[in-house]
Amino acid sequence: AAQRLWTSGRRLKVKKNRALELCSIINQVLRDDHAALLPHTCIYLRTLNNLLVVRGVRKGPAIKWPKNGISFRGGGLPKAHQPFFQFMLESGAWYRVPGLLATSFERKVANEFMVRAEEREEEVVLWVVRVRAEGAEDQTVRCRHVSFVTRSHFSEQEFLFAAYAPFKVTKITWGEGYADVPHVIELEAGMDSKRLPDDLPLAPWY
């Protein structure tokens, strides 16, 4: 049920002329530290994290893992936030994403979101996120805070990272900011969020 709510395409009106899907509302509550809504949001996130955060021996069906450990995310990246990621690349430091980070096994899904960003007249970015490829078979090197979304309303092959997961920028190719020539930011996903400080820098955009 938690996964189906996350992937629901139904939009809820949040302002007079603005409607958002539940996944966007949840991430906005986290980004804004919305005091009135956080208690309710955290109850839902606790349920979702039972599916995303995996520690110890996992039994049952074989886990779905991205080919070569690579998943994709497409969207927009305001120019004002680009220096943050350039700085993180140059410093080699880890940062956290203050929300759940949805990626896909399939590049074509990211492409769809890049086209949408271009239609909104945003600068377009492709995120390339890497986990240890051998994590598909070897639980000792498997990222602890990500999981394939098995119950979804859509066929997006979603690989979802838990809120406040840590990442490191490994490479940036600044493109032209269009869907056919996007900025490309490559990330390494931290293997275990608990091994890194809680007070890492927070990404201003994702």
Side-chain angles (χ1 to χ4, degrees), residues 1-12 19-28 30-31 45 48-49 51-54 61-78 81-82 85 97-133 135-136 142-143 145-163 165 167-190 203 205-206:
Q3 289 184 346
R4 289 199 179 278
L5 281 172
W6 173 259
T7 61
S8 173
R10 185 172 182 178
R11 293 177 178 268
L12 304 174
L20 295 175
E21 295 175 356
L22 180 62
C23 58
S24 297
I25 294 172
I26 289 170
N27 273 343
Q28 185 169 336
L30 292 173
R31 281 195 304 271
L45 288 177
L48 192 58
N49 275 354
L51 304 171
L52 300 181
V53 179
V54 180
I63 190 170
K64 293 195 72 171
W65 206 247
K67 183 178 180 180
N68 299 321
I70 298 174
S71 59
F72 306 92
R73 176 179 174 85
L77 178 62
H81 298 316
Q82 293 172 17
F85 296 100
V97 169
L100 294 108
L101 190 75
T103 68
S104 175
F105 288 179
E106 298 183 0
R107 167 69 187 268
K108 68 179 182 180
V109 174
N111 290 347
E112 293 174 7
F113 284 93
M114 290 194 294
V115 169
R116 293 182 197 176
E118 186 174 80
E119 290 174 348
R120 296 191 299 266
E121 298 185 348
E122 299 174 357
E123 291 203 22
V124 179
V125 62
L126 172 67
W127 306 90
V128 180
V129 184
R130 287 182 169 82
V131 293
R132 295 277 293 272
R142 186 176 298 161
C143 182
H145 44 261
V146 64
S147 187
F148 179 76
V149 176
T150 57
R151 294 174 175 83
S152 173
H153 288 279
F154 303 100
S155 300
E156 294 183 342
Q157 295 291 294
E158 186 170 349
F159 198 51
L160 183 61
F161 288 86
F167 297 90
K168 180 187 291 186
V169 180
T170 59
K171 184 179 179 180
I172 296 179
T173 303
W174 295 115
E176 297 178 17
Y178 299 106
D180 59 330
V181 195
H183 307 307
V184 180
I185 301 180
E186 300 182 29
L187 305 176
E188 173 189 345
W205 198 264
Y206 50 94

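No hydrogens, no waters, no symmetry mates; every other heavy atom, side chains included, goes into these values. Given the structure is predicted, the values throughout are model-derived calculations rather than measurements.
Remark: L160 CG to L52 CG distance equals 5.0 Å, nearest 0.5 Å. Atom CD of E106 sits about 12.0 Å away from atom OG of S71, to the nearest 0.5 Å. Rounding to the nearest 0.5 angstrom, the gap separating the CZ atom in R132 from the CD atom in E188 is 9.0 Å. The structure places SG of C23 at 11.0 Å from CG of L48, a figure rounded to the nearest 0.5 Å. Atom NZ of residue K168 and atom CG of residue L187 lie 11.5 Å apart, to the nearest 0.5 angstrom.
Nearest heavy-atom pair, L30 versus G99, reported as atom, atom and distance to 0.1 Å: CD1-CA, 3.8 Å. Across all their heavy atoms, G190 and C143 have their closest contact at O-SG, 3.3 Å. In this structure, W205 and G76 approach most closely via the heavy-atom pair NE1-O, 2.7 Å. Pairing each heavy atom of R142 with each of G135, the nearest pair is NE-O, 2.6 Å. Looking at every heavy atom in both residues, G69 comes nearest to A133 through N-CB, 3.8 Å.
Ring-plane geometry between W65 and F159 is classed as perpendicular, the angle between the planes exceeding 60 degrees on a 0 to 90 degree scale with a lower cut at 30.
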Steps toward side chain to side chain contact (heavy atoms under 4.5 Å, CB included) verdict (E158, S104)
CA-CA 4 Å; E158 186 170 349; S104 175; 5.9 Å; no
Is there a side chain to side chain contact (heavy atoms under 4.5 Å, CB included) between I185 and L77? Walk through the geometry before answering.
CA-CA 10 Å; I185 301 180; L77 178 62; 3.8 Å; yes
Pair I70-V128, side chain to side chain contact (heavy atoms under 4.5 Å, CB included): steps then yes or no:
CA-CA 7 Å; I70 298 174; V128 180; 3.6 Å; yes
Does V184 form a side chain to side chain contact (heavy atoms under 4.5 Å, CB included) with V125? I'd like the steps, not just the answer.
CA-CA 6 Å; V184 180; V125 62; over 6 Å; no
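A donor-acceptor contact under 3.5 angstrom links the side chains of N111 and R107, judged on distance only.
By the 4.5 Å heavy-atom criterion applied to side chains, V146 and V53 are not counted as neighbours.
F72 and F105 have their aromatic ring centers separated by at least 6.0 angstrom.
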Listed pairs under 3.5 Å, donor-acceptor, residues 170-180 side chains, sequence neighbours left out:
from : atom 1 : to   : atom 2 : distance (Å)
T170 : OG1    : E186 : O      : 3.2
W174 : NE1    : Q86  : OE1    : 2.8

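R73 pairs by the side chain to side chain contact (heavy atoms under 4.5 Å, CB included) definition with L101, A102, T103, W127, Y206, not counting sequence neighbours.
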